[in-house]
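Throughout, protein chains are lettered first and strands after them, A, B, ... in sequence-line order, and every chain is numbered starting at 1.
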There are 2 protein chains.
Amino acid sequence: MGVIRKTKSVETLLAIFEQNKDAVSAVQLVDLLKDQMNKTTIYRVLERLESDGLVHSFMGKDGLKWYATCHGCSSAQHIDIHPHFQCQHCGKVDCLSVDMKIPSIPNRKINFSQILLIGECESCS
Amino acid sequence: MGVIRKTKSVETLLAIFEQNKDAVSAVQLVDLLKDQMNKTTIYRVLERLESDGLVHSFMGKDGLKWYATCHGCSSAQHIDIHPHFQCQHCGKVDCLSVDMKIPSIPNRKINFSQILLIGECESCS
DNA sequence: TTACTTTTGCAACTAAGTTGCAGTAAGAAA
DNA sequence: TTTCTTACTGCAACTTAGTTGCAAAAGTAA
């Protein structure tokens with residue numbers, strides 16, 4: 001890990017994440033890039049980008065995997081844990097920069113969290 | 001909705017939820033009951049129980065659907081929204097009775113939330 | 001260029017959850 | 001109790017997200 005080669009696929013995906021402030025689902029990427037690269041490649045590149053700390057992943061409300069760029073993470077640690085928002089109507093997801101206090105729970109060690117707020121986005125309400 | 005018949009399948013599932021304080025995944029139920037009822041039935045009964053306010057569902061960290069009994073909900077409204085905890089090692093999930101403040105986000109209407117805290121449970125740490 | 005290693009494409013697979021339809025059983029009405 | 005209606009169930013086939021194994025291609029360092 002950490003030795004990512006700068007291949008065409010990697011550059012293509014990174015470019016998409018740079019342009020895109022919102023999160024992008026794996027499914028969207030597979031569809032978007034279906035003429036340019038194989039879906040297996042997409043899933044594997046995303047895996048590599050994540051383990052390298054360039055993007056982070058989380059689950060959307062329907063059990064699909066979403067990805068977005070990281071800020072201040074590395075392969076050693078994903079510190080950029082923040083809530084996400086998903087619109088019930090259009091399905092769009094984005095990262096929120098608010099920070100929510102994680103309570104401590106007796107007898108359990110909490111390592112990270114996935115907070116998804118669900119509702120209506122600006123264009124849908 | 002609201003007109004649930006008390007069939008054998010419904011009673012079987014409700015009995016499991018009564019015995020079980022932890023949440024149960026659909027997959028676990030399908031496996032547990034594979035000799036007693038069809039998986040289609042399980043998914044459909046769960047759907048009915050949820051829309052009737054008897055159980056609530058949410059996504060686990062691996063994108064599987066989990067269910068747990070509701071307290072104080074009805075078909076009209078699922079008020080029993082609380083965080084869940086999932087153990088990274090054994091995969092077990094349970095409902096937490098802490099309550100977390102949901103921030104309000106400009107330009108977005110938040111209807112509900114899915115908060116999953118991930119870490120190590122008592123028996124795994 | 002050579003040699004080595006990572007990355008890619010392909011095809012086949014896995015697993016969760018869904019759908020359509022015909023048959024069965026709850027339970028209200030007679 | 002029997003009848004009738006409608007909800008419910010089982011089956012088989014399907015859909016879809018994501019994974020795996022392997023051979024071929026492309027990075028990279030020397």
Without decimals, in angstroms, what is the distance between [X] [atom1] and [N] [atom2]?
{"X": "B/Ile4", "N": "D/dT6", "atom1": "CD1", "atom2": "P", "answer": "19 Å"}
{"X": "A/Met37", "N": "C/dT8", "atom1": "CE", "atom2": "C1'", "answer": "10 Å"}
{"X": "A/Lys34", "N": "D/dA17", "atom1": "NZ", "atom2": "P", "answer": "12 Å"}
{"X": "B/Arg48", "N": "D/dT6", "atom1": "CZ", "atom2": "P", "answer": "17 Å"}
{"X": "B/Glu11", "N": "C/dA25", "atom1": "CD", "atom2": "P", "answer": "16 Å"}
{"X": "B/Asp31", "N": "C/dA16", "atom1": "CG", "atom2": "C1'", "answer": "13 Å"}
{"X": "A/Trp66", "N": "D/dG18", "atom1": "CH2", "atom2": "C1'", "answer": "16 Å"}
{"X": "B/Leu64", "N": "D/dG18", "atom1": "CG", "atom2": "C1'", "answer": "12 Å"}

Got a list of protein N/O to nucleotides 19-26 of chain D N/O distances below 3.5 Å?
from, atom 1, to, atom 2, distance (Å)
D/dT20, O4, A/Thr40, OG1, 3.3

For this session: Would you indicate what B/Val30 reaches in the nucleic acid, counting non-hydrogen atoms under 4.0 angstrom: base, sugar-phosphate, or nothing?
Result: nothing
Problem set entry | Residue pair B/Phe85 / B/Ile118: nearest heavy atoms and the distance that separates them | CE1-C, 4.3 Å
For this session: Could you give me the CA-CA distance, side-chain angles and deciding distance for A/Met59 and A/Leu64, then say whether side chain to side chain contact (heavy atoms under 4.5 Å, CB included) is met?
Result: CA-CA 6 Å; A/Met59 291 286 161; A/Leu64 297 193; over 6 Å; no
Problem set entry | Enclosure of A/Glu11 CD (heavy-atom neighbours >12, cutoff 6.0 Å) | yes
Exercise. Are A/Asp94 and B/Arg108 within salt-bridge range, i.e. N to O under 4.0 Å?
Worked result: yes
For this session: Tell me whether the centres of the aromatic rings in B/Phe58 and B/His84 are closer together than 6.0 Å.
Result: yes
